[in-house]
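Down below is the structure, laid out as structure tokens.
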Amino acid sequence: MKTTGGSDVAKRRAGKQAAEEVEDGFVVGLGTGSTTAHAIEAIGEAVREGLDVRAIPTSFQSRQLALEVSIPLTTLDAVDAVDLAIDGADRVLDDPDSSADGTLIKGGGGAHTREKLVDAAADRFVVVADPSKLTDRLEAPIPLEVLPDAHSVVAEEVHDLDGDPTLRAAEAKDGPVVTDNGNLVLDCEFGPIADPDGLATRLSAIPGVVEHGLFVDLADTTYVGTTDGLEVLEH
Ligand code: 5RP
């Protein structure tokens, strides 16, 4: 699994807390990443103790882990509703005075397209994070999943928005990262993002962009695990 910063103890605490929200009969969206993995493991433990759930994974990684821990799986088109989605984030805007509080930057694992689909479909979306993800100013690069044929024209459009795109390179293969959907990822620096909603709208409008990693007005609650406790942020 891709490793990110932050303490594993803190991530486990957040993941386990989110898993506590899963009730008998729930359909649960399973996000991707090292923090969500702790939630998936905890849900698996509860399933082995008799909890009845069906889960919708958002990536090859979360599907594999869910299978390993014996969580029954389903798909978005086979259910009437998703009760709860649990997912990690690369950045969480923590600024209660801002209307954009709770905006996320996701896609560090290149799974944000399916994550957004499932997180947005859920009645409740809970983010699991460690303190390194919290920020009072959004300025990390925004991942764009793009159709392979579109990467150069999308890059030009990003330049026109004063962004600086970089094609994400694979680490254990020559060439670019290829997502679970067969697409490429452009990581786009925009500097400080004062208007995430406006930028999200402009990015969505670029032909060839499958999905961007700005999650605006989707998260309900963030569980922030720490090495000795847990903080709950309501958005
Ligand atoms: C994958 C994601 C992840 O949720 C994000 O990268 C956080 O990962 P981690 O919990 O490993 O820090 O958006 O696309």
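Remember, predicted model here, so these are calculated numbers, not experimental data. In listed order, ligands and their atoms are each counted from 1.
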Contacting atoms of ligand 1, where contact means under 4.0 angstrom from a heavy atom of G88: 4 (O)
Straight-line distance of E145 CD to T113 OG1, nearest 0.5 Å: 3.5 Å
Salt bridge (Lys or Arg N to Asp or Glu O under 4.0 Å) between E21 and R124, intermediate numbers included: CA-CA 10 Å; E21 288 203 18; R124 177 165 163 73; 2.8 Å; yes
Check: A111 N/O within less than 3.5 Å of ligand 1 N/O: yes
Side chain, backbone, both or neither: the part of A129 lying under 4.0 Å from ligand 1 by heavy atom: neither
Carboxylate-amine/guanidinium proximity below 4.0 Å for K133 and D90: no
G109 neighbourhood, listing ligand 1 atoms whose heavy-atom distance to it stays under 4.0 Å: 1 (C), 6 (O), 14 (O)
Linked, directly or transitively: L51 and L30 (ILVMFWY side chains, under 4.5 Å): yes
Geometric N/O contact S34 with ligand 1, under 3.5 angstrom: yes
Closest to atom 5 (C) of ligand 1 (judged by heavy-atom distance), picking from D130, D90, T58, V185: D90
Closest to atom 7 (C) of ligand 1 among G33, A89, A39 (heavy-atom distance): A89
Sub-4.5 Å side-chain heavy-atom contact between L214 and L104: no
Contact atoms of ligand 1, heavy-atom distance to D87 under 4.0 Å: 4 (O)
Any side-chain donor near an acceptor of the partner, S59 and S62, under 3.5 Å: yes
I193 side, atom CD1; T103 side, atom OG1 - distance, nearest 0.5 Å: 9.5 Å
G31 touching ligand 1 at heavy-atom level, < 4.0 angstrom: no
Option nearest atom 13 (O) of ligand 1 (shortest heavy-atom distance, choices K106, E145, K133): K106
Nearest-0.5 Å distance that lies between atom CD1 in I40 and atom OG1 in T35: 10.5 Å
Numbered atoms and elements of ligand 1 in range of G110, under 4.0 angstrom, heavy atoms: 14 (O)
Numbering as shown, the atoms of ligand 1 that approach G107 to under 4.0 Å (heavy-atom distance): 2 (C), 13 (O), 14 (O)
